[in-house]
Amino acid sequence: MSAPVVTRFAPSPTGFLHIGGGRTALFNWLYAKRFGGKMLLRIEDTDRERSTEAAIAAILDGLQWLGITWDGDVVYQFARAARHREVAEKLLAEGKAYYCYASPQELEEMREAARAAGKPMRYDGRWRDRDPSEAPAGVKPVIRLKAPTEGETVVDDQVQGRVTWQNKDLDDLVLLRSDGTPTYMLAVVVDDHDMAVTHVIRGDDHLTNAARQTQIYQACGWDIPMFAHIPLIHGPDGAKLSKRHGALGVDAYRSLGYLPAALRNYLVRLGWSHGDQEFFSTEEMIAAFDLSGVGRSPARFDFAKLEHLNGHYMRASSDEELVKAIEVILPEVGPAKGAPAQLSPELRAKFVAAMPGLKERAKTLVELIDSAYYLYAQRPLSFEPKAEQLLADGGRARVAALLPALKALPEWTAASTEGAVRAFAEETGAKLGQVAQPLRAALTGRSTSPGLFDVMAVLGREESLARLEDQAAKA
RNA sequence: GCUCCCAUCGUCUAGCGGUCUAGGACGUCGCCCUCUCACGGCGAAAACAGGGGUUCGAGUCCCCUUGGGAGCGCCA
């Protein structure tokens, strides 16, 4: 009987949930689901200066939007400080850790000297074997781990393979700060142990930390969890995905008009693969996910591919789902694009009716809103340059000539208007496109749109004829 | 500087010694479909970083070089 799988996502609340964190959370979640285990959520808020309530809210909100759930209550690391200190003091009592009275300035000098000499920048262990009686008066000491000086520390990583460090290269890290609060290194180990975490899946910027944490586990005599360090996501330029390179919070992707399912599918394929499969439903992801499929090299973030996936998921969505998704972001992105912040029942009905033609042509919800301009546009319409050109180049005359036939239609449907327009084109010896394009321009203000006759059907007789008359009058 | 990690088309990747004249996807470029734009279909260009080994045989194993990345805090 092996212990049930327990993974955890442990962000520090110093900012929004960025895309890399989102993927880490996704991998942890998938792994837990795959093996019938649990994913825990721990907020690493021991940095009291930088942790904020707003960031915690943003992270929780981001996870929720992505559809990633966690088991049990959220664990706040700062609340466990007493337990962390207890472990540090236990190690101290057992002789596996010691008080270090070196001042920050002393440490800085040590680093400077090492840098100047081209040596590794490590703590030199000056208090490791000194008697506490030599302690300078009035200095609050930190507690450092008495790390092994010989031999090696090995991390058997599920993604990176077997990674080895010479212990002489690792220094005595601080476990407890002079103010009695735990360092990240200690807190992570104690929490993961107490939370019974079996698999630590995180970014490979933590790979070196895994070695140092392994030493803490060993000093405590605890079982070491499986480690899996996944490669980082880079920006399109290959550099680290940083804020200045446009690293966005997941909330930004929502505003950009991406669907959670699309982002999840994009993210899971960034660094992980399952043969040639590109599309994964959530169920398929869970069934197929494993650490053995995770690659070791960093991936660049590619918006073009994300857009393609998003278009795929939009087309696969029902009209009603799409309109609902639009309504979520409309208050935020609508007004700026000249669209309403909310859909009236009448407009909403038009959106639903036009959705089949609209969703074929958009890659994001924002594009969808934009291309639906003709639905919420008020007369007189504004025209894009290309549309204006179509009308100016004899288009208005054609619209005017065709108008009587459309007005005479006994019923107003896509089929009936199409019949009238085709008949008109045939009579006048024009190609359908020569008639359709000016009509499109007059009706939508654009040179591109969903099928012309669907547009007229959704707009209705009255509005369609009014827009056409607006142009015919100027012919 | 020191330690560690990585390296297949522009990008994400398949490949786990022979089935690779290297496959898929995005993007790009043609053609088809067509009332526009998309979607869809068909097709094309496009990669094993370089050099040494090991082996009957290397994209696949080892070493070096080069190029990326991460870490080196009383931050997380």
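All values below were derived from every heavy atom in this structure, side-chain atoms included, with hydrogens, water molecules and symmetry-related copies excluded. Chain letters run A, B, ... following the sequence lines, proteins first and then strands; every chain starts at 1.
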(message) Return the CG to CG distance between L145(A) and L186(A), rounded to the nearest 0.5 Å.
(response) 9.0 Å
Taking any heavy-atom pair under 4.0 Å as a contact, classify [X]: base, sugar-phosphate, or nothing.
X: V174(A); value: sugar-phosphate
X: D171(A); value: nothing
X: T164(A); value: sugar-phosphate
X: R144(A); value: sugar-phosphate
X: S178(A); value: base
X: R111(A); value: sugar-phosphate
X: A102(A); value: base
X: Q160(A); value: sugar-phosphate

(message) For U11(B), give the paired nucleotide (Watson-Crick: N1-N3 plus N6-O4 or O6-N4; G-U: N1-O2 and O6-N3; both under 3.5 Å), or none.
(response) A25(B)
(message) Looking at the base of G23(B), is there any donor atom on it, or on the side chain of D276(A), that sits under 3.5 Å from an acceptor on the other one?
(response) yes
(request) Report the nucleotide, chosen from C6(B), A70(B), U13(B), that has the shortest atom-to-atom distance to any side-chain atom of A299(A). (result) U13(B)
(message) So if I define the base as every atom that isn't primed, P, OP1 or OP2, how would nucleotides 31-39 of chain B read as a B/S/- string at a heavy-atom cutoff under 4.0 Å?
(response) ----BBBSS
(message) I want to check one thing: is the phosphate of A14(B), taken as OP1 and OP2, less than 4.0 Å away from some side-chain N or O of S273(A)?
(response) yes
(request) Using a cut-off of strictly less than 4.0 Å, decide whether T46(A) has a side-chain nitrogen or oxygen near OP1 or OP2 of A76(B). (result) yes
